[in-house]
Structure formats: structure tokens, C-alpha cells
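Below: the structure, in C-alpha cells.
Just so it is clear, the model here is predicted, and its values are computed rather than measured.
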Amino acid sequence: MTSIAIVGAGPQLGLAIARTFGSHGFDVALVSRSRAKLDPLVDTLAADGVTAAAFPADVTDRDALSQALKDAAATFGGVDVLEYSPAGTLGSTVLTTPTGTEPAHVQHEMEFQLYGAIAATRAVLPAMREAGAGTLLYTTGAGSIDPVPQVGNVNAAAAALRNWVLNLHKELDGTGIQAAHVGIDVSIGTPAVPGFPTAQAEEISPVYWDLHTTRRDQAELVFSR
């Protein structure tokens, strides 16, 4: 069987990606901080006929994240696709403009976005290299490409992640392993601000399947309206 590990799995995009890959026969490993939030997703996927399991871990705890992914690989016989898209919460994310940003504001976001992604990648990449196959997908808002002053600290860390992923794509060229960045230039479900374009998670998730299958030479895809 093939499997996908979704880091930052939640009831919107994470669930939609799980359903998309699950509909193609993938087992699904769901990783996020709270088992209480993961277990309902496992039940929902089971009702859809998708085999899934929860592996709780905080992405800022790099040892716990690495262990969760190793446990997922042991459960499903490997991780063929990694998707990394943790989302902050209002309680944990302080938003700052560029002039209002202190180093600590960016450091938290770097831990959350870039460093977590690196830790997750290091947990699954050796086995992919050995197999000569695999897919690594990383998600940010489109502010990683075209930044917005109101979220300057978040955009800075997201841009760092994007830069690292594009470079990873170059390094892995010819190895059979795809690495790509997905920039989402819409609000998922409801608009973040009035008038901002929206999309349903189910409209976005097929692009991840495309990057895994028919667009393996593409380092980046931006979803927009």
C-alpha cells in the first residue's frame, strides 16, 4: 500500500487532501498537536472507506514530530508522500507589520514553518532516497510570494520555507523524488477579509495530486481565483 502523511491535518484542507489521496487508494497518516481533533478526522475518513490513523505531535517539538512520522512509516509500511501545512491559531500567532516586527516574532514563525518542515523532511527523506521515489509537498499562503504588510512576520518565515523548498526541488532533480511548494492565494471556506477571494478545500486538494502525479517537474503551484 501507498501512504501520505499530512502534517498539520485539520478539518478543511488537510481532510480534503486526505480524501483526494485516499480515493486513489492511499493510507493516510494524520499529524497535528491534538489527538482529540485528529480522531474525528480518522472516523470521517473511515466512513469514506479510507484507512487513516492519528499521530499527535507538535511541529515545534522536532523530536516528537520526527517520531510521529517514523511511527506512521512503521504503521503503513513507509511514507510515500509528505504534505506539510500546519496552521497557526489565534492564541499562538502574533501578527506584526515589518516595522513592528522584533526578532522573536519571526523566530516563532520560523520554528513553526521552516524548522518544522525541515524536521519532517529529514524523518522521511532517507527512505525515499533508498526507494528512489517519493513526493514532498509544502503549503504556505501566497504571502510567501507577494507579501502583505499586516502579516509581515508570518510572510517572512513562509518566504524562507518557499525558498528552501524550491532549492530542495533543484537538489532532488533526477532522484525520483518530487519536492514542490503550494501557495494558496485564497481564503479557504470563508473570506479572511471582506471581498477576498475564497475557495473550498475540495477545490484546492486536487493540485496536490497533480504535483504528485502529472506535474512532478513543477517546483511550485499557486492556487488563485
Side chain to side chain contact (heavy atoms under 4.5 Å, CB included) between I6 and I4, worked out: CA-CA 6 Å; I6 300 172; I4 179 171; 4.0 Å; yes
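- Between F21 and D27 the shortest side-chain heavy-atom distance does not fall below 4.5 Å.
- Separation of atoms OG1 (T135) and CG (L172) is listed at 10.5 Å; rounding is to 0.5 Å.
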- request: Mind running side chain to side chain contact (heavy atoms under 4.5 Å, CB included) on F55 and L30 for me, showing each step along the way?
  value: CA-CA 6 Å; F55 301 90; L30 301 172; 6.0 Å; no
message: For a side-chain hydrogen bond (donor to acceptor under 3.5 Å, both in side chains) check, start with the C-alpha distance between D71 and Q67, then their side-chain angles and the critical distance, and finish with the verdict.
response: CA-CA 6 Å; D71 291 344; Q67 188 59 53; 2.9 Å; yes
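- Closest of all the heavy-atom pairs between A72 and A29 is CB-CB, 3.6 Å.
- Hydrophobic clustering, with ILVMFWY side chains joined whenever heavy atoms are under 4.5 angstrom apart, keeps I188 apart from V154.
- Judged by distance alone, with hydrogens and angles left aside, the side-chain atoms of S23 form a donor-acceptor pair with the main-chain N or O of T20 at under 3.5 Å.
- Follow the hydrophobic side-chain contacts under 4.5 Å out from I118 and you reach L69 in the same cluster.
- Of the residues V81, L82, D80, the one that meets the side-chain contact (heavy atoms from CB on, under 4.5 Å) test with V124 is L82.
- The distance from atom OH of Y115 to atom CZ of R62, rounded to the nearest 0.5 Å, is 7.5 Å.
- Other residues, nucleotides and ligands contribute over 12 non-hydrogen atoms within 6.0 Å of the CZ atom of R216.
- Put simply, OG on S34 and CG on D58 are 11.0 Å apart, with the number rounded to the nearest 0.5 Å.
- Shortest non-hydrogen contact noted between G152 and P98 is CA-CD, 4.2 Å.
- Two residues are said to be in side-chain contact when any heavy atoms from C-beta on lie closer than 4.5 Å; D63 and D61 meet this criterion.
- Defined by atom type and a distance below 3.5 Å, a donor-acceptor pair is present between the side-chain atoms of Y138 and T121.
- Remark: the backbone N or O of V148 is paired with a side-chain donor or acceptor of N155 at under 3.5 angstrom.
- Listed by chain and number, the residues in a side-chain contact (heavy atoms from CB on, under 4.5 Å) with T101 are T96, H105, V106, N153 (sequence neighbours excluded).
- Listed here is the closest heavy atom pair of I204 and Y208: O-CD1, 3.9 Å.
- If you check the side chains of T140 and Q113, you find no donor sitting under 3.5 Å from an acceptor.
- Judged by distance alone, the side chain of Q178 and the main-chain N or O of Q218 form a donor-acceptor pair under 3.5 Å.
- Transitive grouping of hydrophobic side chains (ILVMFWY, heavy atoms separated by less than 4.5 Å) brings V7 and M110 into a common cluster.
- Here CD of Q12 is found 11.5 Å from CD1 of I17. Values are rounded to the nearest 0.5 Å.
- Applying the salt bridge (charged side-chain N to carboxylate O under 4.0 Å, His left out) test to every pair with at least one member in residues 160-189, sequence neighbours left out, gives these pairs: R129-E171, R162-E220.
- One hydrophobic cluster, built from ILVMFWY side chains closer than 4.5 Å, cannot hold both I145 and F223; they sit in different ones.
- Residues L221 and L137 share a hydrophobic cluster, clusters being chains of Ile/Leu/Val/Met/Phe/Trp/Tyr side chains in contact below 4.5 Å.
- Summarising the geometry of A119 relative to S66, their closest heavy-atom pair is O-OG, 3.8 Å, with the distance given to 0.1 Å.
- Side-chain contact between V28 and T51 is absent, with no heavy atoms from C-beta onward closer than 4.5 Å.
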message: I'd like to know whether V186 forms a side chain to side chain contact (heavy atoms under 4.5 Å, CB included) with T198, so could you lay out the CA-CA distance, the side-chain angles of the two residues, the decisive distance to 0.1 Å, and finally the verdict.
response: CA-CA 5 Å; V186 297; T198 65; 5.6 Å; no
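- Between H212 and F26, a ring centre-to-centre spacing shorter than 6.0 Å is recorded.
- In terms of heavy-atom proximity, P11 sits nearest to L41 at CA-CD2, 3.8 Å.
- The CG atom of L13 sits 6.0 Å away from atom OG1 of T139, with the distance rounded to the nearest 0.5 Å.
- The minimum heavy-atom distance linking V42 with A54 is given by the pair CG2-N, 3.8 Å.
- Proximity of a side-chain donor or acceptor of H169 to a complementary backbone N or O of A179 within less than 3.5 Å is detected.
- The side-chain contact (heavy atoms from CB on, under 4.5 Å) test applied to R19 returns L15, T44, L45, D48, E202, not counting sequence neighbours.
- Side-chain contact check for P86 versus Y84: some heavy-atom pair is nearer than 4.5 Å.
- Taking NZ from K37 and OG from S32, the interatomic distance works out to 7.5 Å, rounded to the nearest 0.5 Å.
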